[in-house]
Number of protein chains: 2
Amino acid sequence: MAVPRSSGHISAAPPTLADVAELAGVSRQTVSNAVNNPDLLRADTLARVQDAIDKLGYQPNRAARSLRTRASHLIGLRMPALQEGTANAMMDRFVHTFVEAAAEAGYHVLLFHGDPADPLDGYDELLRSTAVDAFVVTDTHLGGQQTTWLQSRRARFVSFGRPWTQPDAKHPWVDVDLAYGAEIATEHLIERGHSKIAWIGWHKDSLLGEERRSGWIHAMHTHGLSTTGLASRTEDSISSGKAAADAILDETQPTALVCASDTLAMGVLHSLFERRLRLGEDVAVVGFDDSQVAQTVPPGITSVRPPLEEAARELVKALEELLATPSYAAPGVMLKPALTVRGSS
Amino acid sequence: MAVPRSSGHISAAPPTLADVAELAGVSRQTVSNAVNNPDLLRADTLARVQDAIDKLGYQPNRAARSLRTRASHLIGLRMPALQEGTANAMMDRFVHTFVEAAAEAGYHVLLFHGDPADPLDGYDELLRSTAVDAFVVTDTHLGGQQTTWLQSRRARFVSFGRPWTQPDAKHPWVDVDLAYGAEIATEHLIERGHSKIAWIGWHKDSLLGEERRSGWIHAMHTHGLSTTGLASRTEDSISSGKAAADAILDETQPTALVCASDTLAMGVLHSLFERRLRLGEDVAVVGFDDSQVAQTVPPGITSVRPPLEEAARELVKALEELLATPSYAAPGVMLKPALTVRGSS
DNA sequence: TTGAAAGCGCTAACAC
DNA sequence: GTGTTAGCGCTTTCAA
């Protein structure tokens, strides 16, 4: 496979199996075997074929191979909607490792776009045209529409995110235990001597939000701390984070706040900035996601870091099994996040 | 094309051209024409075929079509290395619009991974296996290795980033005039009444860095302001941004700083935080890239915003022409950034 | 261990 | 306008 890139072979039409066969003095099928089942060949034949392959810089044509094997070695990933003005950029880190891990397993990633208003848009076309072997679904918290539908179409897929609303779902999934995340975040603050620890979270209809919130409650109660008047629910935006922080700082004067997202944490920072309070000295703040924002804002925001790299690798592993064994039914995998401690606490 | 998704048709093997032909009572070729050259058919035949297509939920098999037409309708994009601990996340926004614009033009994006140490890694395989119709290259400032090599391989590609080191390059490219960006950033500060405006930039060997720096110099000199002792060169990291800011604040006491990146701007913020100086009141700061960090940090960092959406759309346009006309030689497109003004200035 | 034949689903070229 | 023929490059029988 060590084909020198500078190989003089520059032709519009890449070499085919037939070219290699001719050069090596064997039949086309033997070349195919050399590529796909090398053990079938005698050592010297294999060497001769390999030579020819290297010399020509031969690489099997993907379309032809796909047509024959009914496998594209492509994994479909629908681009999640971009949210400007927030600190949400987990996907970037996730996609990165996913592409890397997929490459190691011999898969490339097909990025596609779908109408943000329709969670199903885009899947259908790729499925019908057999463009991808499987999908990775990432927005399961929006309700199980995609997964339910994909299942009904007998599509293969794995999901990053547990099947929240369908306990009977059979597809492989990987998720991060963010209730635990909220718990270690809260405990970290308790260890630091805080006892009035507020929660700034999302509205009640957010499954992810309720999960995270439960971790905070659990940690507080375990340590005999009251949560009365210390919780607020709002939108995931800077301005509502700021408003929530303003209200809670006025009413209950907590010394620390745990936020359901780094975006909300930034809202809190806006409130502190206006009040001329020093982050990490006057008030402690912990966020979620370990975004670039948390990493770079002075003095750094302590944040719950989901193991996205591990999640991506687990998903690729599940994908490999799924594609090897059509009836593969995997147990879901739940990963634990860690806390990245920075100056804000 | 309005195929109801809930269509009961659930089969492992999607329908083929032949299935449609049989159902419609025409030959396979006629179905193919109905899909690719509808005008060739008589209206009633077309309607009958369309009916059959809709009924079966037919969609041409991509592998078969690619094999025949030698076009995959896939654009290759190599994932740029992820940089944690920085504010650099332009790619996210760019990729987003690119995927969207490409979809409109009938292309999907194939994301692939390459060894970060080798700028050429990954391209070769996709090229040889004719997996993609073209590439988008995004790291041209790292030297023209990829573009030179792709050109030598007669690969089709467009680049986001001008061909810095090869004035004779013939491929279509789109870039953003960031010298102009630095200029409007500096002028904005001058308008705000600043005259001692420092520059925190990158090392001399960075082409991008020198370009941005020249915009600052130009604006300063145009307004008769001295730049002596006001410029520093450093790495693109928070810690070096902070160190540079520390040095320049101690030595020259500028009232405003223009930074070559939001990452450096965050370094400056760290310096201000330590000195208990108020961003936007005691010292003004302007960054580059309009990252999430700039958008969310209180009170918001004024930042030069590259028109990534427009760039992505221009690139797709160039790609369409390039793939339609093999000999297509486009003039490069240079876009102007805008300044997003926030509380930091 | 190697080779010949067949065909995956599609479209280009040409005939009718 | 529509149908027939051939073949894109590969792998999967199956025979030698």
Side-chain angles (χ1 to χ4, degrees), chain A residues 11-50 52-53 56-74 106 125-131 133, chain B residues 11-50 52-53 56-74 106 125-131 133:
Chain A
S11 79
T16 72
L17 212 55
D19 297 329
V20 177
E22 190 178 7
L23 182 61
V26 296
S27 76
R28 279 154 51 226
Q29 294 61 37
T30 302
V31 179
S32 175
N33 283 336
V35 173
N36 301 306
N37 302 82
D39 347 326
L40 291 184
L41 301 208
R42 224 171 35 214
D44 62 319
T45 319
L46 181 58
R48 213 165 68 245
V49 175
Q50 265 303 345
I53 288 178
L56 293 173
Y58 169 73
Q59 191 106 23
N61 177 301
R62 283 180 82 101
R65 179 178 264 185
S66 292
L67 179 56
R68 190 66 240 233
T69 63
R70 299 170 172 289
S72 65
H73 281 256
L74 251 33
E125 184 217 321
L126 293 173
L127 206 51
R128 280 220 176 80
S129 60
T130 61
D133 293 345
Chain B
S11 79
T16 72
L17 211 56
D19 298 329
V20 178
E22 190 179 7
L23 181 61
V26 296
S27 76
R28 278 151 58 223
Q29 184 54 43
T30 301
V31 179
S32 174
N33 283 337
V35 174
N36 302 305
N37 302 83
D39 348 326
L40 291 182
L41 302 207
R42 221 172 37 213
D44 61 319
T45 319
L46 181 57
R48 215 167 64 245
V49 174
Q50 266 304 345
I53 287 178
L56 294 173
Y58 170 73
Q59 191 106 23
N61 177 300
R62 284 180 82 99
R65 177 178 266 185
S66 292
L67 179 57
R68 191 67 245 238
T69 62
R70 299 173 173 286
S72 64
H73 281 253
L74 250 33
E125 184 217 322
L126 293 172
L127 205 51
R128 280 218 175 80
S129 60
T130 61
D133 293 346

Original post:
Do B:V35 and B:I53 pass the side-chain contact (heavy atoms from CB on, under 4.5 Å) test, and can you show the C-alpha distance, the side-chain angles, and the key distance before you say yes or no?
Top reply: CA-CA 9 Å; B:V35 174; B:I53 287 178; 3.9 Å; yes
Subject >> Residue of the set B:V26, B:L41, B:N36 for which side chain to side chain contact (heavy atoms under 4.5 Å, CB included) holds with B:V31 >> reply: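 Answer to the side chain to side chain contact (heavy atoms under 4.5 Å, CB included) test with B:V31 among B:V26, B:L41, B:N36: B:V26.
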Original post:
First and last nucleotide of DNA chain D touching chain B, 5' to 3', heavy-atom cut-off 4.0 Å?
Top reply: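 The contacted stretch runs from D:dG1 to D:dG9.
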**OP:** Could you encode protein contacts along nucleotides 6-16 of chain C as a string, one character per nucleotide from 5' to 3', using B for base contact, S for sugar-phosphate-only contact and - for no contact, with a heavy-atom cut-off of under 4.0 Å?
**Re:** BBBBBBBB---
**OP:** Quick one: do B:N37 and B:L40 satisfy side-chain contact (heavy atoms from CB on, under 4.5 Å)? Show the steps, please.
**Re:** CA-CA 6 Å; B:N37 302 83; B:L40 291 182; 3.7 Å; yes
Original post:
With a non-hydrogen cut-off below 4.0 angstrom, is B:T45 in contact with a base, only sugar-phosphate, or nothing?
Top reply: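 Sugar-phosphate contact only.
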Subject >> Smallest separation among heavy atoms of A:Q59 and B:S129, with atom names >> reply: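 In terms of heavy atoms, the two residues are closest at CG-CB, 3.8 Å.
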Original post:
If you look at every heavy atom in A:V49 and A:A24, which pair is closest and at what distance?
Top reply: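 It is CA-CB, 4.0 Å.
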Original post:
Are A:Q29 and A:S27 close enough that a side-chain donor and a side-chain acceptor fall under 3.5 Å?
Top reply: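 The criterion, which ignores hydrogens and geometry beyond distance, is satisfied for A:S27 and A:Q29.
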Subject >> Partner residues of B:A47 under the side-chain contact (heavy atoms from CB on, under 4.5 Å) criterion, sequence neighbours left out >> reply: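 By the side-chain contact (heavy atoms from CB on, under 4.5 Å) rule, B:A47 matches no residue at all.
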**OP:** With sequence neighbours left out, write down each residue that passes side-chain contact (heavy atoms from CB on, under 4.5 Å) with B:D133, or none if nothing qualifies.
**Re:**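 For B:D133 the side-chain contact (heavy atoms from CB on, under 4.5 Å) partners, ignoring immediate neighbours, are B:A71, B:S72, B:H73, B:Y107, B:L323.
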Subject >> All pairs passing salt bridge (Lys or Arg N to Asp or Glu O under 4.0 Å) where residues 59-74 of chain A contributes a residue, at least two apart >> reply: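 Passing the test, one end in residues 59-74 of chain A: A:R62-B:E125.
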Original post:
Would you say the side chain of B:P14 lies within less than 4.5 Å of the side chain of A:T130, judging by non-hydrogen atoms?
Top reply: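 A side-chain contact under 4.5 Å exists here.
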Original post:
When the C1' atoms of the five terminal pairs at each end define the local axes, what inter-axis angle does the helix from C:dT1-D:dA16 to C:dC16-D:dG1 show, to 10 degrees?
Top reply: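 Inter-axis angle at the ends, rounded: 30°.
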